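Right, one structure below, let's go through it.
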Amino acid sequence: MKSKKIFNKIFYQEENKNTSKEFTPFDKENKIDKLSLIVVIVNKGQGASIENILLKNKCSATFTFHGVGTASQETYLNTLVENKKSIVVGVIKDDEYENVKKSLEDRFAISKYAKGIAFKIPLSSVGGVSVYKYLSQFGYVAKKEL
């Protein structure tokens, strides 16, 4: 009987706290930025430097995958094309894309080996406010230099 009274006291206090606040939707109090998925495909071994470029330009949730090209062996013997690839994927705000594009162009201009391809895909929705806050780095805190 005593535990039931304690439970009711705690439960009703929590309930009263939640009802005293007015709920305001996130988009009414904050600016919602459009997000895009950026994909960069480069030669194997270049992925870490591309990931650093994305992180310096406030890109969140970067991932690096390994891939293999599909061209025939004769193509690789005649040129300096690498068969193995690194695929770097990240999420970025649309207004930050021009900075990333410029940084990637500078990186690709270094040498023949540093070439790659980059493109973005607009995201039309995400699964909730918490996911959006993470992907948009809401309340962004600068990361350490890598």
Side-chain angles (χ1 to χ4, degrees), residues 7-146:
F7 173 78
N8 287 338
K9 186 176 180 181
I10 293 170
F11 178 74
Y12 289 119
Q13 282 180 349
E14 288 297 318
E15 189 176 275
N16 291 338
K17 285 181 185 176
N18 292 338
T19 56
S20 64
K21 294 181 182 177
E22 273 189 47
F23 174 74
T24 307
F26 180 78
D27 61 338
K28 300 294 182 197
E29 293 182 345
N30 302 288
K31 179 184 174 220
I32 303 297
D33 294 313
K34 292 184 179 184
L35 300 176
S36 290
L37 186 73
I38 185 166
V39 180
V40 185
I41 303 170
V42 292
N43 291 330
K44 183 180 175 186
Q46 301 290 317
S49 62
I50 298 299
E51 194 170 341
N52 286 341
I53 289 171
L54 295 180
L55 290 174
K56 286 179 184 176
N57 287 291
K58 299 180 186 175
C59 185
S60 65
T62 58
F63 303 98
T64 302
F65 304 100
H66 300 288
V68 179
T70 58
S72 65
Q73 188 66 25
E74 297 85 38
T75 305
Y76 295 117
L77 294 175
N78 297 331
T79 61
L80 292 173
V81 177
E82 175 69 36
N83 189 10
K84 296 179 181 169
K85 303 291 180 188
S86 290
I87 304 156
V88 183
V89 178
V91 178
I92 193 162
K93 293 179 187 177
D94 276 354
D95 57 350
E96 295 290 332
Y97 177 70
E98 289 303 318
N99 296 336
V100 172
K101 184 179 170 185
K102 176 72 172 118
S103 298
L104 289 173
E105 286 172 352
D106 293 343
R107 173 67 186 172
F108 293 158
I110 291 174
S111 72
K112 276 188 173 183
Y113 188 73
K115 298 288 184 202
I117 184 170
F119 56 93
K120 72 174 186 163
I121 304 168
L123 296 176
S124 60
S125 64
V126 294
V129 175
S130 299
V131 174
Y132 173 78
K133 285 180 179 179
Y134 173 72
L135 293 176
S136 66
Q137 295 186 346
F138 185 76
Y140 175 77
V141 176
K143 292 186 174 93
K144 285 193 309 187
E145 285 276 325
L146 299 175

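Treat the numbers as computed from the prediction; the structure is a model and nothing was measured.
The CG atom of L35 sits 9.5 Å away from the CG atom of D95 when rounded to the nearest 0.5 Å. Annotation: the span from S111 atom OG to N43 atom CG amounts to 9.0 Å, rounded to 0.5 Å. The CD1 atom of I87 sits 13.0 Å away from atom CD1 of I50, with the distance rounded to the nearest 0.5 Å. Separating the CG atom in L104 from the CD1 atom in I53 is a distance of 5.5 Å, to the nearest 0.5 Å. Rounding to the nearest 0.5 Å gives a distance of 8.5 Å between OG of S60 and CD1 of I92. Taking SG from C59 and CG from L37, the interatomic distance works out to 8.5 Å, rounded to the nearest 0.5 Å.
Across all non-hydrogen atoms, the minimal contact from A61 to L135 is CB-CD2, 4.0 Å. F108 and I117 make their closest contact through CZ-N, 4.1 Å (heavy atoms, listed as atom of the first residue, atom of the second, distance). For the residue pair G116 and V42, the shortest heavy atom distance occurs at CA-CG1, 4.1 Å. Minimum interatomic distance between E51 and T62 (heavy atoms only, all atoms of both residues): OE2-OG1, 3.1 Å. Closest approach of S86 to K44, counting heavy atoms only: OG-CA, 3.7 Å.
Among pairs with a residue in residues 32-41, those fulfilling salt bridge (charged side-chain N to carboxylate O under 4.0 Å, His left out) read K31-D33, D33-K93, at least two apart in sequence or across chains.
Counting only heavy atoms from C-beta outward, the side chains of R107 and S49 approach each other to under 4.5 Å. Put simply, the side chain of Y134 does not reach to within 4.5 Å of the side chain of V126, judged on heavy atoms.
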### Task
Given side chain to side chain contact (heavy atoms under 4.5 Å, CB included), test V40 with Q46 step by step and report yes or no.
CA-CA 10 Å; V40 185; Q46 301 290 317; over 6 Å; no
